[in-house]
Amino acid sequence: MSEERPAGQRAGRIMLIFAWIFALALATYWFGNWEDQRANPNRAPQSLHGDGYIEVRLASGRGGHYLLDGKINGQTLTFLLDTGATAVAIPAELATQLRLEPGAPVQIRTANGTVTGSRTRLASLQLGDIQLHDVAALITPGMDGDEVLLGMSALKQLEFTQKGGTLVLRQSTSLK
């Protein structure tokens with residue numbers, strides 16, 4: 001015959017089980033955010049305004065890559081800086097979500113081979129307080145993920161320097 005436990009003891013065990021479940025959920029959430037922060041430490045890049053310039057400083061993420069959150073046509077997304085890319089490259093699926101109009105077809109050489117993509121123009125591209133307008137871009141089919149490669153069609157409009165795990169993007173605001 002089994003012994004019946006008092007109601008208070010059963011409630012205590014149930015509360016202990018819920019406490020462990022809550023603690024595990026909280027730890028999972030915290031470590032997930034910590035891992036995301038390591039991958040992209042520039043989720044909200046800070047801008048510095050100086051005399052005739054706007055500057056955005058980026059910390060390198062895991063593997064030495066520079067990722068940052070920014071905007072295309074007002075919609076927030078993640079950029080991966082790629083000085084080897086001729087133009088801003090946008091995965092086709094993301095381009096559809098951004099409602100970008102595909103233009104003339106173009107052959108694009110990637111690490112995975114040659115694909116036919118489309119030219120497009122970005123009305124606005126924002127990195128912190130840096131604003132670029134009418135930027136050439138490519139819609140790239142077969143490009144995995146939801147990161148946009150920030151290539152030279154955008155970067156050539158900025159000064160950039162890299163030293164010791166920090167990349168500085170600078171836009172001149174003085175009239176020429």
Shared hydrophobic cluster for Leu127 and Leu67 (ILVMFWY, side-chain gaps under 4.5 Å): no
Considering all heavy atoms, the nearest Pro141-Ala92 contact: CA-CB, 3.9 Å
Short side-chain to backbone donor-acceptor contact, Ser153 and Val88, under 3.5 Å: yes
Rounded distance (nearest 0.5 Å) linking atom CG of Leu94 with atom CD of Gln75: 8.5 Å
Check: Val106 and Thr116 side chains under 4.5 Å, non-hydrogen atoms: no
More than 12 heavy atoms of other groups within 6.0 Å of Asp146 CG: no
Within 6.0 Å of CD in Gln97, more than 12 heavy atoms from elsewhere: yes
Evaluation steps, side chain to side chain contact (heavy atoms under 4.5 Å, CB included), between Thr83 and Leu155: CA-CA 8 Å; Thr83 57; Leu155 293 172; 4.1 Å; yes
Polar side-chain atom of Thr166 near backbone of Gln162 as donor-acceptor pair, under 3.5 Å: no
Sub-4.5 Å side-chain heavy-atom contact between Leu122 and Leu100: yes
Leu68 vs Leu81 side-chain heavy atoms within contact, under 4.5 Å: yes
Verify same cluster id: Ile90, Leu138 (apolar side-chain graph, 4.5 Å): no
Flag for Glu159-Ser172: side-chain donor and acceptor within less than 3.5 Å: no
Exercise: identify the closest heavy-atom pair between Ala87 and Ala136: CB-O, 4.3 Å
Pairwise side-chain contact, Leu77 with Asp69, heavy-atom cut-off 4.5 Å (strictly under): no
Single-linkage hydrophobic cluster, 4.5 Å side-chain cutoff, Ile130 and Val168 together: no
Do any side-chain atoms of residues 48-55 form donor-acceptor pairs under 3.5 angstrom with protein atoms, and if so which ones, sequence neighbours left out?
from: His49; atom 1: NE2; to: Asp129; atom 2: OD2; distance (Å): 2.7
from: Glu55; atom 1: OE1; to: Arg57; atom 2: NH2; distance (Å): 3.4
from: Glu55; atom 1: OE2; to: Arg170; atom 2: NE; distance (Å): 3.0
from: Glu55; atom 1: OE2; to: Arg170; atom 2: NH2; distance (Å): 2.6

Backbone of Glu101 reached by a side-chain donor or acceptor of Thr120 within 3.5 Å: yes
Within one Ile-Leu-Val-Met-Phe-Trp-Tyr cluster: Ile139 and Ile108, side-chain cutoff 4.5 Å: no
Met143 vs Leu149 side-chain heavy atoms within contact, under 4.5 Å: yes
Inter-residue atom distance Arg109.CZ - Thr86.OG1, 0.5 Å rounding: 8.0 Å
Path from Leu167 to Leu150 over hydrophobic side-chain contacts below 4.5 Å: yes
Pairwise salt bridge (charged side-chain N to carboxylate O under 4.0 Å, His left out) hits with a residue in residues 131-145, at least two apart: Arg121-Asp134
Point-to-point distance, once rounded to the nearest 0.5 Å, from OG1 of Thr76 to NZ of Lys71: 4.5 Å
CE on Met152 to CG on Leu158, rounded to 0.5 Å: 9.0 Å
Ser124 and Gln131: CA distance, side-chain angles, deciding distance, side chain to side chain donor-acceptor pair (under 3.5 Å) verdict: CA-CA 7 Å; Ser124 68; Gln131 297 269 347; 5.3 Å; no
Side-chain heavy atoms of Leu125 within contact of Phe79, under 4.5 Å: yes
Ala85: side-chain contact (heavy atoms from CB on, under 4.5 Å) partners, not counting sequence neighbours: Asp82
Side chain proximity check, Leu132 to Gln171, heavy atoms < 4.5 angstrom: yes
